[in-house]
Amino acid sequence: MFGLLLLDKPTGLSSNRALQCAKRLFAAEKAGHAGSLDPLATGMLPVFFGAATRLAAFMLEARKTYRVTARLGVATTTGDAEGETTEDRSSAPAPSTAAIAAAVDRFVGEIDQVPPMYSALKRGGVPLYRLARLGLEVERSPRRVLIEELTVERYAWPDLEMHVRCSKGTYVRTLVEDVARAAGTVGHVAALRRLSVGPFAEQGMRTFAELETVAAGGPAALDRLLLPAEAALEGWPSAYLDPTEAAKLAHGQAVRADPALPCGQVKVYADAGQLIAIGLVTAEHRLTPTRVFIR
């Protein structure tokens, strides 16, 4: 197998559990996903099958969009609805619409964000969430992230729905807590849905219910739901090789690059149109393989 599935992950499943379910449905020997979602969250989880798992790392750099419902007035240990309440201001006066709008505007653009304790980041080889479960808190360095878009879709106290478009490494839970604090209250994520990853839009997602229905038609029916794996590399330049050049590249040898190609990473195709590798074009116009999909 060599393909990509845009899975609509349901709530209550970890990303790894969802991956294993998809892997079993497609009877794939190898599968990997690009970008974890919390069990509470739903939405787009790109799943790569077979040798295409080598492309998953490139999707980690992609911009992502979310629809988030924040529950204002209550803070939790985890920053979402799965945590225990740590502060309750639900009886305090609600922030005005103007205060919410002003708070949201403060977080558009490049911002410094402190990762939450309930995250998979590691300290001394131990995930922070394990330390948090022991009641420990350690200092975390702020990280620079980009919030390209942050808009209010609905505000009716205590619920605030927002649309977020952001860079990799952004914690929406932390963003919600920071916006709430800037508006003069506290808050946590009540619901989160990832709408898109990189070039892939919400309309391309497949639910498990849909997959299970299609699976009744046999493996070929399921395979028709897969996207070409190279769709994850939209906008990359392409190099086309003749059979001799393709054979050399497949065995790790550099070949001559088309002078028209820019320096940097490119998709490499055999002349029949099959993606065979990811390559690097050097300043000397040599094409070096960095990931090879055929031998």
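Note that the structure is a prediction, hence the values are computed from the model and not measured.
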Answer yes if [X] and [Y] sit in the same cluster of Ile, Leu, Val, Met, Phe, Trp and Tyr residues linked by side chain heavy atoms under 4.5 Å apart, and no otherwise.
| X | Y | answer |
| --- | --- | --- |
| Leu192 | Tyr171 | no |
| Met59 | Leu55 | yes |
| Val255 | Val266 | yes |
| Leu5 | Phe200 | no |
| Phe208 | Met44 | no |

Does the side chain of [X] reach to within under 4.5 Å of the side chain of [Y], using non-hydrogen atoms?
| X | Y | result |
| --- | --- | --- |
| Phe2 | Pro228 | no |
| Arg173 | His188 | no |
| Pro243 | Asp271 | yes |
| Tyr129 | Leu121 | no |
| Thr78 | Met117 | no |
| His163 | Val152 | no |
| Ile147 | Leu175 | yes |

Just by modelled atom types, is the [Y] backbone N or O under 3.5 Å from a matching donor or acceptor in the [X] side chain?
| X | Y | answer |
| --- | --- | --- |
| Arg143 | Gly169 | yes |
| Asp38 | Ala41 | no |
| Arg140 | Pro115 | yes |
| Arg133 | Leu128 | no |

Separation between NZ (Lys248) and CG (Asp242), nearest 0.5 Å, reads 9.0 Å

Is the ring pair Trp236/Phe58 parallel, tilted or perpendicular, if the boundaries are 30 and 60 degrees?
perpendicular

[X] and [Y] ion-paired at < 4.0 Å:
| X | Y | answer |
| --- | --- | --- |
| Arg67 | Glu153 | yes |
| Arg165 | Glu149 | no |
| Arg106 | Asp178 | no |
| Arg206 | Asp8 | no |
| Lys168 | Glu61 | yes |
| Arg194 | Glu202 | no |

Exercise for review: Compute whether any side-chain donor of one residue and acceptor of the other, for Asn16 and Ser14, lie under 3.5 angstrom apart.
Suggested key: no

- Thr76 and Thr85: side-chain donor and acceptor closer than 3.5 Å? no

TODO: Take Leu249 and Val292 through the test side chain to side chain contact (heavy atoms under 4.5 Å, CB included) and record every step on the way to the result.
DONE: CA-CA 8 Å; Leu249 197 83; Val292 177; 5.5 Å; no

